[in-house]
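In what follows, chains are A, B, ... by sequence order, proteins preceding strands, each numbered from 1. Below, each value reflects all heavy atoms present in this structure, side chains not excepted, and no hydrogens, waters or symmetry copies.
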Number of protein chains: 2
Amino acid sequence: MLDRKTSSKTEILDAAANCFMELGSDVASIDDIARTLGATKGRIYHHFSSKGALLSAVRMRAIMFILDEVTPIVNNSEAPINTLHDMAYTHVLKILETLPYHRVVLQHYRKNAAKSTTDYERKLISEIEAKRQLYENLYRDILEQGMKTGDFIKRDISVALHSVLLMLNSPVFWFTPLKKNERKNREEIAKQLADMAVACLR
Amino acid sequence: MLDRKTSSKTEILDAAANCFMELGSDVASIDDIARTLGATKGRIYHHFSSKGALLSAVRMRAIMFILDEVTPIVNNSEAPINTLHDMAYTHVLKILETLPYHRVVLQHYRKNAAKSTTDYERKLISEIEAKRQLYENLYRDILEQGMKTGDFIKRDISVALHSVLLMLNSPVFWFTPLKKNERKNREEIAKQLADMAVACLR
DNA sequence: ATCAAGCATACTACGGAGTATGTTGTCAAC
DNA sequence: GTTGACAACATACTCCGTAGTATGCTTGAT
């Protein structure tokens, strides 16, 4: 079945995300990931052409989690403040749900290229970069709009943009999921961060 | 001379910081760093017992840059808002001056331990962690004080603390130094970030 | 019965950390 | 001003982990 195939793939992706998260994507080996699955290299290389391709798949999945969730919000034609608050809240909540993936992403926020990458892997990376740009622009548009209407203080758009986005990603660095009150706790964190994100723009 | 020795050491540290920054501390090899210096492994292993020790030295130097600069500010007995603004401004400015070091630090914000570390390296890491805690508490104290006096809105202290600190570190992710108007540009960025840091707490 | 998908097993090749040893300059003592 | 000794490196190795490959095996669909 095609269903069985994608299921096996996402299982690999989940395991890879966890290993990359814990050891770092450079240190974690394919064997480590396979061991987590109770499998061997063969399974992984059957689905992914290289370690770089697997890593890119993890990063792409991470950004698509967020992009799919936040994109529908931007066109609700409310005030910029409310729209931004909505976007921020949704962003944080989704990140907390898919934490390992975003830990991996942040490891590569600045790392440009590994030592030797193939053309194919470079293509994957540029596709990820494109999606990231797309997502960034959602916020850039809201910020510009809000500064025009006077809802937001006029600041350097680039400084404000990156600062807010990184603040929304900050739980990635410190959040540790607990069983107790999990859902409620996440919502509270998302609310607070969304509040702060809006507050620092006024 | 002892002077000549420390000079050679800091030269190695600068080169290591740059290599670790560009390639990531796992990918960058000792040979890479040596090549940057126009030297060989021998020079590096003469001053540092292992790659982990070198990395720890870079991270320690990074945090000491900031700690030495910001610590004197906290006891100026001004209003919490002004004190925090001062701390934030100084923090950002110093970070922009010693950027490569802090890029390395942020690569390890979450990465706990490599695959195999010696006792000695674990000791170095715990010393770094202690300094980091020390620095974090400078902000924690100001935040608690400000929330008590009503200067700051009451929020979860941990969420607010980490969010603000990460926002102050955000330039590490996107800032690219230019020759043109360098000093002025940095001061402007530091001012804006300090403003935003204070704003998001009110 | 066949054949390919979906793996496992057993190998190769290579880069990088660490080491053992050689080399050069410098200073100190006599 | 010669010798000894040590610091500050360079050179030439070893050894091991890991990415990638080549090939073998099993199961389910047709």
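Here His46(B) does not reach the OP1 or OP2 of dC9(D): none of its side-chain N or O atoms lies under 4.0 Å away. Listed pair Ser8(A) / dC7(C) meets the phosphate criterion, a side-chain N or O lying under 4.0 Å from OP1 or OP2. Contact between the side-chain N/O atoms of His47(A) and the OP1/OP2 oxygens of dC7(C) is found at a separation under 4.0 Å.
Computed from coordinates, the Ile33(B) CD1 to dG16(C) P distance equals 12 Å when rounded to whole Å. In this structure, NZ of Lys9(A) is placed 12 Å from P of dC7(C), rounded to the nearest angstrom. Distance CZ (Arg43(B)) to P (dC9(D)): 5 Å, rounded to an integer number of Å. Taking atom CZ of residue Arg35(B) and atom P of nucleotide dG15(C), one finds them 12 Å apart after rounding to whole Å. Between the CG atom of Asp31(A) and the C1' atom of dC11(C) there is a distance of 13 Å, rounded to whole Å. Between the P atom of dT21(C) and the OH atom of Tyr45(B) lies a distance of 18 Å, rounded to the nearest Å. Here the P atom of nucleotide dA17(C) and the CD1 atom of Ile44(B) are 10 Å apart, to the nearest Å. Spacing between atom CD1 of Ile30(B) and atom P of dG16(C) amounts to 11 Å, rounded to whole angstrom units.
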Working note: Arg132(A) + Glu136(A), criterion salt bridge (charged side-chain N to carboxylate O under 4.0 Å, His left out); need CA distance, chi angles, decisive distance, verdict. CA-CA 6 Å; Arg132(A) 215 184 60 86; Glu136(A) 209 176 279; 3.4 Å; yes
Does the salt bridge (charged side-chain N to carboxylate O under 4.0 Å, His left out) test come out yes or no for Asp195(A) and Lys191(A), once each step is laid out? CA-CA 6 Å; Asp195(A) 288 350; Lys191(A) 185 190 176 309; 2.8 Å; yes
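Using modelled atom types, one side-chain atom of Gln107(A) and one backbone atom of Phe20(A) make a donor-acceptor pair closer than 3.5 Å.
Residue whose closest nucleotide on DNA chain D sits further toward the 5' end, between Lys51(A) and Gly38(B): Gly38(B).
Aromatic rings from Tyr135(A) and His91(A) are positioned such that their centres are separated by under 6.0 Å.
Residue-level contact check: Ala34(B) touches neither bases nor backbone, having no heavy atom under 4.0 Å from any strand. Using a 4.0 Å heavy-atom criterion, one finds that Ser29(B) contacts the sugar-phosphate atoms exclusively.
In terms of polar N and O atoms assigned as donor or acceptor, the side chain of Lys41(B) never comes within less than 3.5 Å of the base of dA10(D) in a complementary pairing.
Under the 3.5 Å distance criterion, with hydrogens and angles disregarded, a donor-acceptor pair is assigned to the side chains of Asp32(B) and Ser29(B).
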